[in-house]
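What follows is a short report on a single structure.
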Amino acid sequence: MKFNITANDSKSNARAGIIQTDHGTIETPIFMPVGTVGSVKGIHAQDLTDHIKAEIILGNTYHLYLRPGIDIIEQAGGIQKFNAWNKPTLTDSGGFQVFSLAHRRKITPDGVLFYSHIDGSKHLFTPERVMDIQRFIGADIMMAFDECTPYPCEHDYAEKSMELTHKWLDRCCTHFDNTEPKYGYNQTLFPIVQGSVYKDLRIKSAEKIASMNREGNAIGGVSVGEPIDLMYEMTEIVCGILPKDKPRYLMGVGTPANILDCIEMGVDMFDCVMPTRNGRNGTIFTRNGIMNMKNEKWKNDFSLIDKESDLFADQQYTKAYLRHLFTAHEQLGGMIGSIHNLHFYLWLVKEARKQIMNGTFTSWKSVILPKISQRI
RNA sequence: GGGGAGAUUCCAGAGUGGCUAAAUGGGGCAGACUGUAAAUCUGUUGGUAACACCUUCGGAGGUUCGAAUCCUCCUCUCCCCA
C-alpha cells in the first residue's frame, strides 16, 4: 500500500491524498460503506461502483468468520471474489464486537472468548487468530484486534483496556509480519488508537500507535455514545500525534457534519453504518438537510427525491413515492434510501476533496455545514 | 320456516358489575439509529379550558350507589338445518 498527499489545506489540517492498493486506488478523504457480512445491505456491487462511486468497502472479521466461515471464503478465492466487489476492501477485526456484543464475550489477557450470537458456540479470538482470519478473508487493509471501550468508561478501566490493546497490537504486528497473504496481492495492517475520552490516555495511545510505524493508522473507541465535543477533542489530539504522511482512519464516524469536521482535523478515511441503516429506516441525508421520509408531510409531495443529485433513483422517484414505499414496508424503500445516502456520502467526501485541492475547503464547509445538518 | 352465535375505541380482537377511556396486535402519527445481533427499536394514538371533567363499547328503555359488563324490547350481521 502507498499513500501520497496530493494537497494540504492552507487554513486547516485537511488534506487530499491517494492510497494505492493492489485492488486499485482510493482518493482521500474517503467514506467506506459498511458491508459487515460481505454485503453492503441492500446494494449491488455494481451500484457501489457505477452509481455510488465507492472506492473501498468494509467487511467484518467476526461476522464473516461465523458465517459463511473462512473455509468458504478461502474456497471462493477471497472476499473480493466471493462478493463480486473487486476493488479495495478493509476488514474490521472484531474489536467493535467486543463492545457491541459485550454480553456475549469474556475478555482474557490472551484474547476474547465469544459466544456466537447465531448459535451460542464458543470461539476464542486471539490477536494471532484474528490476523489469520483476516489473511483468509483477504482484505487489502486489515485491522488490529483491539478492545473498543464503552462510554462512559472509568479512567482506570480505560487505561487497563488500552494497555491490553497495545499488548495485543504487538502480537498482531508480529504475527502479521510472520505470515503471508493467501491470494497473491498485498495486505496491510492498521493499528488502532484507544484511550476512551481521556486526553492523557489518547496521547499515550497515539504515541504507541505512531511508533509502530505501520502504513496507516486508525482512531477507535469513538462514536460509542460519547458527546460529540469529546469525540472531536480526542480526534484532534490524536491527529496531532499520528504521522502526517500516513492515512488516518476514524472508525465508525459518522454524520455528514461529523465527517466534514473531522476531515478538517486531518482524517482521511471514514466508515459508518449510518447512511445504510438510517437510509433503510427512512432517514435521507441531502445537501439541503435531513428528511424523515416516513413523515406525513411528504404524502403528496411529487417533487423528486433530490433534484440536485445526479443519482438515477433521485431523478426517477418522487418523495411521495418513497414515503409510500416506507409506509408500505416495501423493500425498495430501504434500497432507495440506502443507495441515496451512500451516493450522498460519497459525493460529500469527493466534493470536500475538490475543495481542499482548490484551496477553498474551509469557506465551502462553513456554507454547507449548516445546510446538511438541518432537519427538513 | 327451525335452531344457534354475535354487534367493543380507525381495523382485528380481549374484557362479562367498580382497579376500564377500555388488554393485545395491526394501522396512524412522531422520535431514535455513528468500526451493523437493526428492512430495527421506542413513544404516542376519544375530546377539552387536561393530574379534572365530558363523550364512548349497535339503538331505546330499565335494575344498581355504580353497567361495555345484568334485564326488556328493537335493529342489523353471521353460521347450521329445511
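Computed over heavy atoms, backbone and side chain alike; hydrogens, waters and symmetry mates excluded. Numbered from 1 within each chain, the chains take letters A, B, ... in sequence-line order.
Across all strands shown, C78(B) pairs with G4(B); the Watson-Crick or G-U wobble distances both stay below 3.5 Å. Under the Watson-Crick and G-U wobble criteria, each requiring two contacts below 3.5 Å, nucleotide U36(B) is left unpaired. The partner of A49(B), taking Watson-Crick or G-U wobble pairs whose two distances both stay under 3.5 Å, does not exist in any strand shown. C73(B): Watson-Crick or G-U partner is G59(B), with both key distances under 3.5 Å. Base pairing analysis places A21(B) opposite nothing; no Watson-Crick or G-U wobble pair with both distances below 3.5 Å involves it. Base pairing of A30(B) is made with U42(B), judged by Watson-Crick or G-U wobble geometry with both donor-acceptor distances under 3.5 Å.
In this structure, Gln331(A) reaches the bases: a heavy-atom distance under 4.0 Å links it to at least one base atom across the strands shown. Within the 4.0 angstrom heavy-atom criterion, no nucleotide atom of any strand lies near Arg67(A). Among the atoms of the strands shown, base atoms are found under 4.0 Å from some heavy atom of Gln194(A). Here Asn281(A) lies in heavy-atom contact (under 4.0 Å) with a base. Nucleic acid contact class of Leu58(A) (heavy atoms, under 4.0 Å, all strands): sugar-phosphate only. Using a 4.0 Å heavy-atom distance criterion, Ile259(A) is classed as making no nucleic acid contact. Residue contacts for Gly221(A): at a heavy-atom cut-off of 4.0 Å it reaches a base atom on one of the strands shown. Nucleic acid contact for Asp146(A): base, since at least one base atom lies under 4.0 Å from a heavy atom of the residue. Residue contacts for Gly254(A): at a heavy-atom cut-off of 4.0 Å it reaches a base atom on one of the strands shown. At the heavy-atom level, Ser338(A) lies nowhere under 4.0 Å from the strands shown. Heavy atoms of Arg323(A) sit under 4.0 angstrom from primed sugar atoms or phosphate atoms, though from no base atom. Heavy atoms of Asn295(A) sit under 4.0 angstrom from primed sugar atoms or phosphate atoms, though from no base atom.
Whole-Å rounding puts the Ile118(A) CD1 to U36(B) P distance at 14 Å. Rounded to an integer number of Å, the gap from Leu90(A) CG to G35(B) C1' is 9 Å. Following rounding to the nearest Å, Phe270(A) (CZ) and G35(B) (C1') show an atom-to-atom distance of 13 Å. Nucleotide U40(B) holds its C1' atom 11 Å from the NZ atom of Lys41(A), rounded to whole Å. Computed from coordinates, the Phe96(A) CZ to A38(B) P distance equals 11 Å when rounded to whole Å. As rounded to whole Å, 5 Å separates atom P of A37(B) from atom CG of Leu101(A). Here the C1' atom of nucleotide U34(B) and the CD atom of Glu226(A) are 9 Å apart, to the nearest Å. In this structure, the NE2 atom of His324(A) is 20 Å from the P atom of A39(B), given to the nearest Å.
Each of Glu330(A) and Phe99(A) has a nearest nucleotide on RNA chain B; the 5'-most of these lies closest to Phe99(A). Comparing Ser93(A) and Arg277(A) against RNA chain B, the residue whose closest nucleotide sits nearer the 5' end is Ser93(A).
Comparing the C1' positions of G46(B) and U8(B) gives a spacing of 14 Å, expressed to the nearest Å. Between A5(B) and A52(B), the distance separating the two P atoms is 42 Å to the nearest Å. A23(B) sits 15 Å from A68(B) when the P atoms are compared, rounded to a whole Å. With C1' as the reference atom, C80(B) and C71(B) are 29 Å apart, rounded to whole Å. One P atom belongs to C78(B), the other to G31(B), and the distance between them is 43 Å to the nearest Å. Across C51(B) and U45(B), the matching P atoms stand 16 Å from one another, rounded to whole Å. A22(B) sits 14 Å from U55(B) when the C1' atoms are compared, rounded to a whole Å. Spacing between C53(B) and A21(B) at atom P, rounded to whole Å, works out to 11 Å.
When only modelled atom types and interatomic distance are considered, Gln80(A) and Asp140(A) share a side-chain donor-acceptor pair under 3.5 Å. Side-chain contact, Ser303(A) with Asp301(A): a donor N or O sits under 3.5 Å from an acceptor N or O. Side-chain contact check for Gln355(A) and Thr360(A): at least one donor-acceptor pair (N or O, by modelled atom type) lies under 3.5 Å. Judged purely by distance below 3.5 Å, without hydrogens or angles, the side chains of His324(A) and Tyr317(A) never pair a donor atom with an acceptor atom. One side chain, Ser121(A) or Asp119(A), offers a donor N or O that lies under 3.5 Å from an acceptor on the other. Side-chain N/O atoms of Tyr321(A) and Gln316(A) include no donor and acceptor closer than 3.5 Å.
Residue Cys272(A) has its side chain nearest to U34(B) when only C33(B), U36(B), U34(B) are considered. Closest to the side chain of Arg280(A), from the set C29(B), U36(B), G35(B), is U36(B). If you check G31(B), A37(B), G27(B) against the side chain of His329(A), the one that comes closest is G27(B). Considering only side-chain atoms of Asp271(A), the nucleotide from A38(B), A37(B), G35(B) that sits closest is G35(B). Closest to the Asn278(A) side chain, of the nucleotides C33(B), U34(B), A37(B), is C33(B). Counting only heavy atoms from C-beta on, Lys294(A) has its side chain closest to U40(B) among U40(B), U36(B), U34(B). With distances taken from any side-chain atom of His63(A) to the nucleotides G31(B), U36(B), G35(B), the minimum falls on U36(B).
Taking the six-membered ring for Trp and the full ring otherwise, the centers of His63(A) and His117(A) sit less than 6.0 Å from each other. Residues Tyr65(A) and Tyr62(A) keep their aromatic ring centres 6.0 Å or farther apart.
For a distance-only test at 3.5 Å, the side chain of Ser100(A) fails to qualify as a donor-acceptor partner of the base of U36(B).
Remark: Arg375(A) is in phosphate contact with A32(B), judged by side-chain N or O atoms under 4.0 Å from OP1 or OP2. Between Asn60(A) and the phosphate of U36(B), there is a side-chain N or O to OP1/OP2 separation shorter than 4.0 Å. Contact between the side-chain N/O atoms of Thr36(A) and the OP1/OP2 oxygens of U36(B) is found at a separation under 4.0 Å. At the phosphate of A37(B), OP1 or OP2 sits under 4.0 Å from a side-chain N or O atom of Gln97(A).
Heavy atoms of other residues, nucleotides or ligands lying less than 6.0 angstrom from CD of Gln46(A) number 12 at most.
Sorted by first and then second residue, the pairs that involve residues 186-205 of chain A and meet side chain to side chain donor-acceptor pair (under 3.5 Å), not counting sequence neighbours, are Asp22(A)-Asn186(A), Arg135(A)-Gln187(A), Asp146(A)-Gln194(A), His155(A)-Asp200(A), His166(A)-Ser205(A), Thr188(A)-Glu215(A).
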